[in-house]
Amino acid sequence: MKKLTTIILITIMANLFGAALSASPNNPLAKPQAVVVSNNARFTVLTPGLVRLEWSQNAQFEDHASLTFINRRTDTPQYTTTEKDGLLEIQTKKLTLHYKKNSGQFTKENLWIDIHTDKIQTTWHFGDKDPQNLLGTTKTLDKCNGSWQAHDKKEIELCQGIISPSGWCAIDDSEKPLFDNSDWPWVIARPETQMQDTYFFAYGHDYQTALKDFTTVAGKIALPPKFVFGAWWSKYWTYDDDQLRDLARQFDRYDLGLDVMVIDMDWHITSDPKWYDSKGKKIKDPADQRAGWTGFTWNKNYFPDPQKFLQWTNENSLQTCLNLHPASGIQPHESQYNQFAQALGIDPRYQKIRTLRHC
């Protein structure tokens with residue numbers, strides 16, 4: 001049988017970055033020669049235009065990979081350090097960092113960086129905001145119309161991006177989750193201590209190098225497959241398998257072409273009599289989420305033979321995405337619950353009793 005190429009869209013970035021970590025030579029531990037420590041401050045010179053700035057209340061610094069930055073073992077660039085009158089200076093060919101030693105947390109007054117590139121000669125003070133930043137993306141486009149976010153009744157707020165005519169970018173990584181050092185890296189919380197963790201990029205107008213520096217420490221960006229750039233169908237609607245087949249045939253009938261079919265969340269079980277209270281309102285599941293929002297078990301009322309349906313989409317050159325909200329993990333009602341529980345060393349009978357009581 002032709003191998004199914006179903007693509008499941010899962011919005012857990014930790015899993016995606018974890019996979020990247022396990023499959024690549026990335027190393028979050030910087031080379032010793034790239035590191036400059038000054039009591040509670042640590043500076044890591046990653047490239048001529050990229051330096052990591054850390055301050056820790058207990059002088060314990062973070063060497064785990066973070067959600068964004070997974071590789072710090074770069075080729076150490078040439079740099080010099082000098083200390084005079086209590087001022088530490090670190091200089092590369094693109095920047096000069098100044099830090100007043102033993103002055104506590106980073107502020108505008110005790111840490112600043114001079115940028116000296118072919119196109120830009122300027123100074124950044126810690127915490128400066130850049131009004132010229134060309135911005136990046138946003139978390140979600142749900143309920144958005146153009147640039148208007150209908151849910152919050154305001155313009156879409158985009159995060160800061162790497163590229164700016166100002167010639168620099170500062171990324172605050174202080175509160176981002178970390179990965180452990182297991183064979184399959186998993187998310188762990190940052191230590192509960194006061195700390196600052198910022199990555200400062202200095203590149204002038206050399207935007208290609210800025211992006212190269214970013215991918216050096218954040219991981220290489222895979223080229224999407226060709227079908228991703230084609231036509232997608234996505235609608236939050238309770239379709240069954242016959243209705244989706246008919247939808248695809250209509251695209252063919254009008255010679256519109258269809259590359260990707262997104263099956264929204266009703267592909268899985270979203271309702272059960274046990275999930276409603278006496279007033280007919282949905283209860284919370286053991287993970288404190290709305291029951292049925294997360295699901296991994298096909299709804300056989302709509303998809304009586306999922307394998308056969310996915311074989312049909314393959315034969316018709318349709319890539320298939322299953323909308324998934326994985327907030328609740330694997331709950332006891334899932335068809336594969338027993339196998340998951342046993343794999344984790346949990347007695348399925350005990351867990352079912354415990355979670356049902358918790359509900």
Side-chain angles (χ1 to χ4, degrees), residues 1-13 15-16 19 137-146 149-151 222-276 280 282 285 287 289-340:
M1 181 184 294
K2 183 179 178 182
K3 185 179 179 181
L4 297 178
T5 57
T6 300
I7 300 172
I8 299 179
L9 295 182
I10 301 178
T11 55
I12 300 182
M13 294 307 295
N15 282 353
L16 297 178
T137 186
T138 187
K139 181 179 179 181
T140 179
L141 292 175
D142 280 354
K143 299 184 179 179
C144 291
N145 184 2
Q149 195 175 46
H151 184 270
L223 180 67
K226 187 177 180 180
F227 69 81
V228 169
F229 301 98
W232 291 53
W233 173 267
S234 176
K235 185 177 181 180
Y236 186 14
W237 195 258
T238 308
Y239 290 104
D240 62 26
D241 55 355
D242 284 336
Q243 290 171 324
L244 289 172
R245 287 187 179 95
D246 183 61
L247 179 68
R249 293 187 188 106
Q250 290 185 53
F251 271 86
D252 285 340
R253 184 179 305 136
Y254 294 103
D255 197 26
L256 294 176
L258 182 63
D259 298 278
V260 183
M261 180 178 285
V262 181
I263 306 174
D264 219 291
M265 60 177 287
D266 289 284
W267 68 269
H268 66 73
I269 297 173
T270 60
S271 183
D272 187 290
K274 299 189 295 292
W275 297 346
Y276 295 87
K282 266 194 175 181
D285 66 20
Q289 301 290 321
R290 189 176 71 189
W293 185 246
T294 294
F296 297 89
T297 302
W298 285 91
N299 187 333
K300 294 301 182 69
N301 291 323
Y302 300 140
F303 296 89
D305 191 338
Q307 190 80 0
K308 184 177 180 181
F309 172 74
L310 295 177
Q311 182 178 346
W312 178 85
T313 59
N314 263 13
E315 291 170 351
N316 286 270
S317 301
L318 285 173
Q319 302 294 329
T320 309
C321 302
L322 304 178
N323 186 305
L324 184 61
H325 308 103
S328 298
I330 309 299
Q331 293 295 325
H333 73 274
E334 304 290 358
S335 62
Q336 300 295 318
Y337 178 81
N338 286 356
Q339 291 93 320
F340 268 91

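This chain uses plain numbering: 1 for the first residue, then up along the sequence.
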How far does [atom1] of [X] sit from [atom2] of [Y], to the nearest 0.5 angstrom?
| X | Y | atom1 | atom2 | value |
| --- | --- | --- | --- | --- |
| Arg249 | Asn316 | CZ | CG | 8.0 Å |
| Asn299 | His268 | CG | NE2 | 9.5 Å |
| Cys321 | Trp233 | SG | CH2 | 14.5 Å |
| Asp285 | His333 | CG | NE2 | 8.5 Å |
| Asp264 | Trp237 | CG | CH2 | 12.0 Å |
| Phe227 | Trp232 | CZ | CH2 | 6.5 Å |

Using the salt bridge (charged side-chain N to carboxylate O under 4.0 Å, His left out) rule, collect all pairs that involve residues 252-263, keeping only residues at least two apart or in two chains.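 Qualifying pairs: none.
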Give a yes or no answer on whether the side chain of Lys143 reaches the backbone of His151 with a donor-acceptor pair at less than 3.5 Å.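 Side chain of Lys143 to backbone of His151: no pair is present.
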Is Thr313 reaching over with its side chain to a backbone N or O of Thr320, donor-acceptor style, under 3.5 angstrom? no
Between Thr294 and Ser328, which heavy-atom pair has the shortest distance, and what is it? OG1-N, 3.1 Å
Can you name the side-chain contact (heavy atoms from CB on, under 4.5 Å) partners of [X], sequence neighbours left out?
| X | answer |
| --- | --- |
| Thr297 | Ile269, Glu334, Ser335 |
| Asp305 | Gln307, Lys308 |
| Leu141 | Thr138, Cys144, Ile156 |
| Pro273 | none |

List for me each residue that meets side-chain hydrogen bond (donor to acceptor under 3.5 Å, both in side chains) alongside [X], sequence neighbours excluded, and say none if there are none.
| X | value |
| --- | --- |
| Thr140 | none |
| Gln289 | none |
| Ser271 | Tyr276 |

Partners of Phe303 by ring-ring contact (aromatic ring centres under 6.0 Å, His included), sequence neighbours excluded?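 With neighbours one apart ignored, the set is Trp298, Phe309.
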Taking the side chain as every heavy atom from C-beta outward, state whether Met265 and Tyr236 have any atom pair closer than 4.5 Å. yes
Is there a side-chain contact between Pro306 and Lys300 (heavy atoms, below 4.5 Å)?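 Side chain of Pro306 against side chain of Lys300, heavy atoms only: contact under 4.5 Å found.
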Pairing residues for Asp272 by the salt bridge (charged side-chain N to carboxylate O under 4.0 Å, His left out) criterion, not counting sequence neighbours: Lys274
Could you list the donor-acceptor pairs under 3.5 angstrom formed by side chains in residues 239-247, with sequence neighbours left out?
residue : atom : partner : partner atom : Å
Asp240  : OD1  : Asp242  : N            : 3.1
Asp240  : OD1  : Gln243  : N            : 2.8
Asp242  : OD1  : Arg245  : NH1          : 3.3
Gln243  : OE1  : Asp240  : N            : 2.9
Asp246  : OD2  : Gln250  : NE2          : 3.0

